[in-house]
Amino acid sequence: MGRTLRHSLIALAATAAALSSAAPAMAISKASWDRKQQSQVVRAHLMQKLPGGFHGEQPLTSGQLTQAFAALSARTGTPAANVSSAPLSVTRFDALLTQQLGLTEEANTFQIEAQRAGLEPPAYFGTEVVTRLLGLHFNHPFPHEELELYPWETITRAEAAYSLAQVLQQNGWQNQYVGEVASHFQLPEYTQSQLAPLRLAVSKIGMPYIWGGETDGPSYGQIHGGYDCSGFAWRVYKLSGNPLGVAIKGRTAAQQAGEIPKSQRIREDDVQPGDLLFFGTAKFKSRATEANVTHEGIAPSKDFAIHSSSQGVYVLPLYEGWLHSSFTWARNVL
């Protein structure tokens, strides 16, 4: 299952790279960035063109999503989720899509466990975990990060088309995978020092991945709110003013991984909540460099990471999959 998920994530990355490399030949805009996926959902009768074209930049309406769910229901034999006339934010779209896919129980598992552990998750935490585990969101690569949507923004027809096109590619194992991950999602009892950073980390679920990003909104040198992997850790431990983050000096994953003595490195089996997690090709005793430590996350437990990557800020297993296979070492901050 882990291997299959890695293949799925590799495919997502390849799609992003293909779109990025196509930029010189075809203008990238909020209306047109996913022409292939728009064509797919039109051919499958999940969405229709509007007068003058697909108009991916326009907001998705409740009537259009009702049509999409009816078409999905006809394909799968599952009941169509009821779509009210309330505005369709990214998070509401994800919640409805989770329901349409029959994964509400799994989403509730993530939500309830995070609440029980005292993490104070936003109401959409569980459904964001599910849809991002499934790879239903697209990471707009630099230099087109202005196309990203915040979790609270109205979802566009283009973003909806991309998510629905990914659903069309599913063949059954995806729901099973989400169920397996949900069954493993058990969080420990936290100390007060662990709760503060983890509550902040969980509150960012669904924020977009932005290269160099470390704030919720645009800032100097950051065109759009969001986080890169080390910027996410920087926000949680440094920019938050957490006094325990004073020991963190470097901004990049490699710097944060390399600024502690090798004797303080933590192996995967010994990870504790709140630890910084580092990933790449480095061996446990290697010197950390920008080439061999290339990713970073934060541990809510020994089995999971919350991080910013191809699906924005989201939760992934640490016990299997690409995070497990690329784990280098961890660092205790608390």
Applying side-chain hydrogen bond (donor to acceptor under 3.5 Å, both in side chains) as the test, list every pair that has at least one member in residues 66-84; sequence neighbours left out.
T76-T78, S84-R92
With the side chain counted from C-beta on, respond yes when F232 and I298 share a heavy-atom pair under 4.5 Å apart, and no when they do not.
yes
Quick check: is I112 connected to F185 through a chain of hydrophobic side chains (ILVMFWY, heavy atoms under 4.5 Å apart)?
no
State which residues pass side-chain hydrogen bond (donor to acceptor under 3.5 Å, both in side chains) with N292; sequence neighbours excluded, sorted by chain then number.
T289
Exam field: side chain T294 to backbone G280, donor-acceptor pair closer than 3.5 Å:
no
To the nearest 0.5 Å, tell me how far E159 CD sits from D94 CG.
10.0 Å
Should V167 and V129 be regarded as members of a common hydrophobic cluster, given that ILVMFWY residues are connected when their side-chain heavy atoms come within less than 4.5 Å of each other, either directly or indirectly?
yes
In this structure, would V42 and L50 fall into the same cluster of hydrophobic residues linked by side-chain contacts under 4.5 Å?
no
Can you name the residues that form a side-chain hydrogen bond (donor to acceptor under 3.5 Å, both in side chains) with D269, not counting sequence neighbours?
none
Do L134 and V178 touch side chain to side chain, with heavy atoms closer than 4.5 Å?
yes
Let me check something: do L334 and V271 share a hydrophobic cluster, defined by ILVMFWY side-chain heavy atoms less than 4.5 Å apart, either directly or through other members?
yes
Heavy-atom side-chain proximity of F125 to V202 below 4.5 angstrom:
yes
Not counting sequence neighbours, which residues clear side-chain hydrogen bond (donor to acceptor under 3.5 Å, both in side chains) with K30? List them please.
none
Output the distance between atom CG (L149) and atom OG (S89), rounded to the nearest 0.5 Å.
10.5 Å
Any side-chain to backbone donor/acceptor pair from S240 onto V236? Under 3.5 Å, distance only.
yes
Could you walk me through whether Q166 and Q170 pass side-chain hydrogen bond (donor to acceptor under 3.5 Å, both in side chains), step by step?
CA-CA 7 Å; Q166 305 318 299; Q170 293 184 359; over 6 Å; no
With side chains defined as the heavy atoms from C-beta onward, is the minimum distance between M47 and L60 less than 4.5 Å?
yes
Under 4.5 Å between any side-chain heavy atoms of P188 and S301, yes or no?
yes
Can you sort out the partners of Y124 under ring pair (Phe, Tyr, Trp, His ring centres under 6.0 Å), two or more places apart, ordered by chain and number?
none
For residues 46-81, which residue pairs pass the ring pair (Phe, Tyr, Trp, His ring centres under 6.0 Å) check, not counting sequence neighbours?
none
Non-hydrogen atoms of Q256 and A233 that approach each other most closely:
OE1-CB, 4.1 Å
Polar side-chain atom of N139 near backbone of P141 as donor-acceptor pair, under 3.5 Å:
no
Verify whether the ring centers belonging to H144 and W33 lie closer than 6.0 Å.
no
Decide yes or no for T156 and Y162: does some side-chain heavy atom of the first lie under 4.5 Å from some side-chain heavy atom of the second?
no
Euclidean distance, L276 CG relative to I248 CD1, rounded to 0.5 Å
5.0 Å
Taking Q222 for its side chain and H224 for its backbone only, find out whether a donor-acceptor pair lies under 3.5 Å.
yes
Point-to-point distance, once rounded to the nearest 0.5 Å, from CD1 of I205 to CZ of R132
7.0 Å
Heavy atoms, side chains only, cut-off 4.5 Å: are P121 and F110 in contact?
no
Other residues, nucleotides, ligands: >12 heavy atoms within 6.0 Å of E105 CD:
no
Among residues at least two apart in sequence or on other chains, which ones pass ring pair (Phe, Tyr, Trp, His ring centres under 6.0 Å) with Y319?
H184, F304
Pairs meeting criterion side-chain hydrogen bond (donor to acceptor under 3.5 Å, both in side chains) with involvement of residues 200-209, two or more places apart:
K204-D216
Qualifying side-chain hydrogen bond (donor to acceptor under 3.5 Å, both in side chains) pairs with a residue from residues 229-238, counting only residues at least two apart or across chains:
S230-R251
Donor-acceptor contact present, side-chain K262 to main-chain K285, <3.5 Å:
yes
May I have all residue pairs that pass side-chain hydrogen bond (donor to acceptor under 3.5 Å, both in side chains) and include part of residues 107-119, sequence neighbours excluded?
E113-R116, R116-E189
Which distance, rounded to the nearest 0.5 Å, do you find between the CZ of F93 and the CD of E153?
15.0 Å
Residues two or more places apart in sequence or in another chain: which of them pass side-chain hydrogen bond (donor to acceptor under 3.5 Å, both in side chains) with S39?
none
Run the ring pair (Phe, Tyr, Trp, His ring centres under 6.0 Å) test against H295 and tell me which residues pass, sequence neighbours left out.
F279, H307, W322
Atom CD of E259 with >12 non-hydrogen neighbours under 6.0 angstrom
yes
To the nearest 0.5 Å, atom CD of E128 lies from atom OG1 of T98 at 7.5 Å
Does the plane of the ring in W152 sit parallel, tilted or perpendicular to the ring in Y150? Use 30° and 60° as the thresholds.
parallel
Grouping I, L, V, M, F, W and Y whenever their side-chain heavy atoms are under 4.5 Å apart, do I223 and V313 come out in a common cluster?
no
